[in-house]
2 protein chains.
Amino acid sequence: MADAEWKSLEECLEKHLPLPDLQEVKRVLYGKELRKLDLPREAFEAASREDFELQGYAFEAAEEQLRRPRIVHVGLVQNRTPLPADAPVAEQVSALHRRIKAIVEVAAMCGVNIICFQEAWTMPFAFCTREKLPWTEFAESAEDGPTTRFCQKLAKNHDMVVVSPILERDSEHGDVLWNTAVVISNSGAVLGKTRKNHIPRVGDFNESTYYMEGNLGHPVFQTQFGRISVNICYGRHHPLNWLMYSINGAEIIFNPSATIGALSESLWPIEARNAAIANHCFTCAINRVGTVNVFLCSFKAHQDFGYFYGSSYVAAPDGSRTPGLSRSQDGLLVAKLDLNLCQQVNDVWNFKMTGRYEMYARELAEAVKPNYRPTIVKE
Amino acid sequence: MADAEWKSLEECLEKHLPLPDLQEVKRVLYGKELRKLDLPREAFEAASREDFELQGYAFEAAEEQLRRPRIVHVGLVQNRTPLPADAPVAEQVSALHRRIKAIVEVAAMCGVNIICFQEAWTMPFAFCTREKLPWTEFAESAEDGPTTRFCQKLAKNHDMVVVSPILERDSEHGDVLWNTAVVISNSGAVLGKTRKNHIPRVGDFNESTYYMEGNLGHPVFQTQFGRISVNICYGRHHPLNWLMYSINGAEIIFNPSATIGALSESLWPIEARNAAIANHCFTCAINRVGTVNVFLCSFKAHQDFGYFYGSSYVAAPDGSRTPGLSRSQDGLLVAKLDLNLCQQVNDVWNFKMTGRYEMYARELAEAVKPNYRPTIVKE
C-alpha cells in the first residue's frame, strides 16, 4: 500500500495520461473537469509560508430567470496535529488553535463563507486507544468551551460560518461525552450543535468506549449562506443518515472524518459522492492527514496505528466532484458552489419525488420487529 | 464526450500508467486488483467467434473454520439488439433469443451458476418513445410467456439460475404492463418474479407511460447457489431500495439497467458499488450497449437518442470491484464470488448492527406526513 509519498490519484493521472485520454478519464471518474478558482496570490503565498496545500474549484449551475445564482464558498480543512500526543493537553490544544487560525486567515482571503474542520479537531485521534486520561481532558462544553469561544471570534472576525467538530462534555446530562459538531454563525453566535449518529465498532475504532450514538436527530442549520448539516465520520457509511439530513432540507452536508488507509481508502471516493448524487445536495468529505502515535500504553502491536490519508473533496448533486487534497499534507480546499444546482438536479432526477418513502417507512418499521420474517421465495 | 471508440477506463489506465502507479491507482479506485479467472480456451474461442467480449475475475474471502467457502459464479450479459427496431417484432425477439442462447452457452463453459440479462432484454429500449404499438407487443406473461419458457430450457440444460428481465403483461390484473424480472431456478422451474420499484421521469426516460412502480416489495430468491434479488435500473439511485433487499437477506443484488452516457456515465461506477459497501453484499450492475434508433415517429430531434455505454461490473462488500466490460461491445462478465465475504465484512463494519433502523423508520414515517416540519435551526 502506498505510503505518504504517493501524493494523490489526480497527480498521478495528470502526470501520465495524454490529454485526450485524461479528459475522458476525468469525465468517467469525476463527471467533468471543474474550473480552477482564481484565488488571490497572497493566499497561495501564505499557504506556502504556512506549509499547507491550497486548492480551489468552482461548481456551476444553469442560469435561472427568477432566482439569482446562490453562490457560497466553502472551505475544507485537513491538518496534522502539530505536537506529539504526549505533549501537555493545553499545549496541544493551543498549537491546534494557532494552526487553524493561520489556515482560516487564508480561507478568509479566498472569500470562504462556511468552513469546516476535521473530526475532533482539537485533539489527536485517540479514541482507538481505550485509554481515558489524558484524552478525556480534551472534552469541552459545546456552548461555551474555550474552543467554541475561539471559533466565535474567528467567525465574527471573518464573517464566516464555522463548523467545529469537537469532543463534547455535556455537564447538564451526567457529564457524559459526545462526538459533536458546533455550528457557529458568521455573526459569532452559536447557532447550535449536532452529534455523531453512528458510532463505529471496527477494530481499534470502537469509539463507544467514549461516547454513544447521538440523540439530536438530523438538524439542519439555516445560515446566511445556505442550509447545512453535519454528518460526522462513520455516519457516511449509512445512506439513511445522509437521507434524513437531506429530507430536512440540507443543501450542503459536511462529513468531518478520521479514517485510515488500510481500512477505507477505496471506499472514500464512493460514499460521500454517492450521497451527493442520491440526495441532490453538495457533500464535503474531510479526512485527517498523517499519523501520530497516540498509544501511551506499552502494547507494542499498537505503535503503528495506520495512516490518515487526507484526500478531502467536495461532491456535487450532478455527480461531479473536485480532485482530492493531498494524501500527505495539510490542506485547505476551497469550493465555489451555486446552490441552485441542488434544485435543478432534483428537478431532473426526482429522487425525492420517486423515493416512495411511505413504503420504506412501513417496511423498515416491520423489518425491525424481532419476529419479522422477510419475504424469501423458495422452490 | 467519448463515443464508442473509447473502449474503457481500465484499458486506458493499463496502457499509460507505469506498473507501480497502476497498482496504486487500482488500489484507490478499485480496492485491490482482482485475480483474473482462468477460463477455458474454448470459451474464449466461442466468444471471439460470436463477437463478444469475455472477462472473468475472482473475489476471495478468508478461510473459516466452521463454514466451507460458498463459491458461486455469476454471469452478467450486455448486448446490442441484433436487428433494427423497425424489424417485425417476432423476428427481433427470435434474434435476441438466438444471441442470448449463444452467450449462455459460453457462460456454461465458464461454470456460471447464476446469469442475469439486461433490462427488458427481449426488445429495443423503446420506453423513451411514448409510442405504444409496436412496443407493447413485446410484453409477455412472466409465468408462461415464450421468453420465460425459453429461459426455463436454458436454465435446465445448463443447471443455471436465470434472471430474465422482461416487459410483463399481467393478464390477471387488468392486462397492465410491468417492468419485471423473472427468476428461474436451475431446475427449470419459475421461482418467482420481482418488479421495478422506482420508475424514472427523466427526459425521454419517463417510463410511466408504460408501467408504474412495482407492487411486489423486496423479495429475495433462495437459489441453490445463494440468496439473490433484482433491483431493476432506476432503483439503483435509491439507497433504500438496495437496503430493503439486503435486510431481507440478499447476498447478491443484480441491477439490470439501460442508461446512456450523457445522463449517467459518471454516476455508474458509484451507485451499485456504494450499495455493495453499504449493504455488505455483492452487486452486479448491467447496462445495455450500443445505440439503436427506436423512434418510429418523424420527430427529428429524437433520431439520436444517446449511447448505452455498457461498462457492466461486479462490486463486492469490501468495496473492491471488477473492471467494467467494454463501453462498445457485447460482453459476458464472469465473476467468482465467495459469499462468505458478505458475513465477514458485516462482522467487520457492522452497518446493520449500527444502522439504527428503528430511529429511521420513525423519522421517515414523520417526514412523509404532509404537515411535517423539519428541524431547521435559525439564528
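Values below: all heavy atoms of this structure, side chains included; hydrogens, waters and symmetry mates excluded. Throughout, a chain's letter reflects where its sequence line sits, starting with A, and its residues are numbered from 1.
- Here B/Leu191 is the residue among B/Leu191, B/Ile247, B/Thr223 with the most heavy-atom pairs under 4.5 Å with chain A.
- Under the 4.5 Å side-chain criterion, counting only non-hydrogen atoms from C-beta, B/Trp349 is in contact with A/Ser264.
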Under 3.5 Å, which donor-acceptor pairs do the side chains of residues 13-20 of chain B form with other protein atoms, sequence neighbours left out?
residue	atom	partner	partner atom	Å
B/Glu14	OE2	B/Lys26	NZ	2.7
B/His16	NE2	A/Asp21	OD2	3.3

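- With sequence neighbours excluded, the residues satisfying ring pair (Phe, Tyr, Trp, His ring centres under 6.0 Å) with B/Tyr211 are B/Phe127.
- Contacts of B/Tyr309 with chain A are absent, with no heavy-atom separation under 4.5 Å from either backbone or side chain.
- Among pairs with a residue in residues 190-201 of chain A, those fulfilling salt bridge (Lys or Arg N to Asp or Glu O under 4.0 Å) read A/Glu119-A/Lys196, A/Glu143-A/Lys193, A/Glu168-A/Lys193, A/Glu168-A/Arg195, A/Asp170-A/Arg195, A/Lys196-A/Glu207, A/Arg201-A/Glu213, at least two apart in sequence or across chains.
- Side chains of A/His218 and B/Thr375 form no contact here, defined as non-hydrogen atoms less than 4.5 Å apart.
- Atom NZ of A/Lys378 is separated from atom CD of B/Gln222 by 6.0 Å, given to the nearest 0.5 angstrom.
- The closest side-chain heavy-atom distance from B/Val377 to A/Val220 is not below 4.5 Å.
- Neither the backbone nor the side chain of A/Asp347 has a heavy atom closer than 4.5 Å to any heavy atom of chain B.
- If you measure heavy-atom distances from B/Pro219 to chain A, the contacts under 4.5 Å come from both the backbone and the side chain.
- The candidate from B/Gly192, B/Ser311, B/Cys12, B/Gly203 with the greatest count of non-hydrogen atom pairs under 4.5 Å with chain A is B/Cys12.
- At a 4.5 Å heavy-atom cutoff, the contact between A/Ile277 and chain B is made by side-chain atoms alone.
- A heavy-atom distance below 4.5 Å is found between the side chains of B/Trp6 and A/Val28.
- Across A/Pro269, A/Gly319, A/Gly249, A/Pro239, the residue that shares the most heavy-atom pairs under 4.5 angstrom with chain B is A/Pro239.
- Of the inter-residue distances, the one linking A/Glu366 atom CD with B/Met244 atom CE reads 9.5 Å to the nearest 0.5 angstrom.
- Ranked by heavy-atom pairs shorter than 4.5 Å toward chain A, the options B/Asn279, B/Val202, B/Ile199, B/Val183 are led by B/Val202.
- Looking at B/His237, both its backbone and its side chain come within 4.5 Å of chain A, counting heavy atoms on both sides.
- Options B/Asp318, B/Ile376, B/Val190 differ in how many heavy-atom pairs under 4.5 Å they form with chain A, and the most are formed by B/Ile376.
- Heavy atoms of B/Leu9 lying under 4.5 Å from chain A belong exclusively to its side chain.
- For B/Asn241, the parts lying near chain A are the backbone and the side chain together; criterion is any non-hydrogen pair under 4.5 Å.
- Note that the CG atom of A/Leu364 and the CG atom of B/Leu243 stand 6.0 Å from one another [nearest 0.5 Å].
- Per-residue heavy-atom pair counts under 4.5 Å with chain B were compared for A/Tyr234, A/Trp268, A/Tyr30, A/Trp242, and the maximum is reached by A/Tyr234.
- Across every non-hydrogen atom of A/Arg273 and B/Ile270, the tightest pair is NH1-CD1, 3.4 Å.
- Note that OG of B/Ser266 is 8.0 Å distant from CZ of A/Arg27, once rounded to the nearest 0.5 Å.
- Contacts of A/Arg227 with chain B are made by side-chain atoms alone, with heavy-atom separations under 4.5 Å and no backbone atom involved.
- Atom CG in A/Leu29 sits 5.5 Å away from atom CG in B/Leu29 (nearest 0.5 Å).
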Next on the checklist: Set out, in order, the CA-CA distance, both residues' side-chain angles and the distance that settles side chain to side chain donor-acceptor pair (under 3.5 Å) for B/Tyr372 and A/Asn248, then state yes or no.
Outcome noted: CA-CA 10 Å; B/Tyr372 175 65; A/Asn248 284 345; 2.6 Å; yes

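- Nearest heavy atom pair, residue A/Ala189 against residue B/Glu379, reads CB-OE2, 3.5 Å.
- Of residues 351-362 of chain B, those residues lying under 4.5 Å from chain A by any heavy-atom pair are B/Phe351, B/Met353, B/Thr354, B/Gly355, B/Arg356, B/Tyr357, B/Glu358, B/Met359, B/Tyr360, B/Ala361.
- With respect to chain A, the highest number of heavy-atom pairs below 4.5 Å among B/Leu267, B/Asn197, B/Val25, B/Leu240 belongs to B/Leu240.
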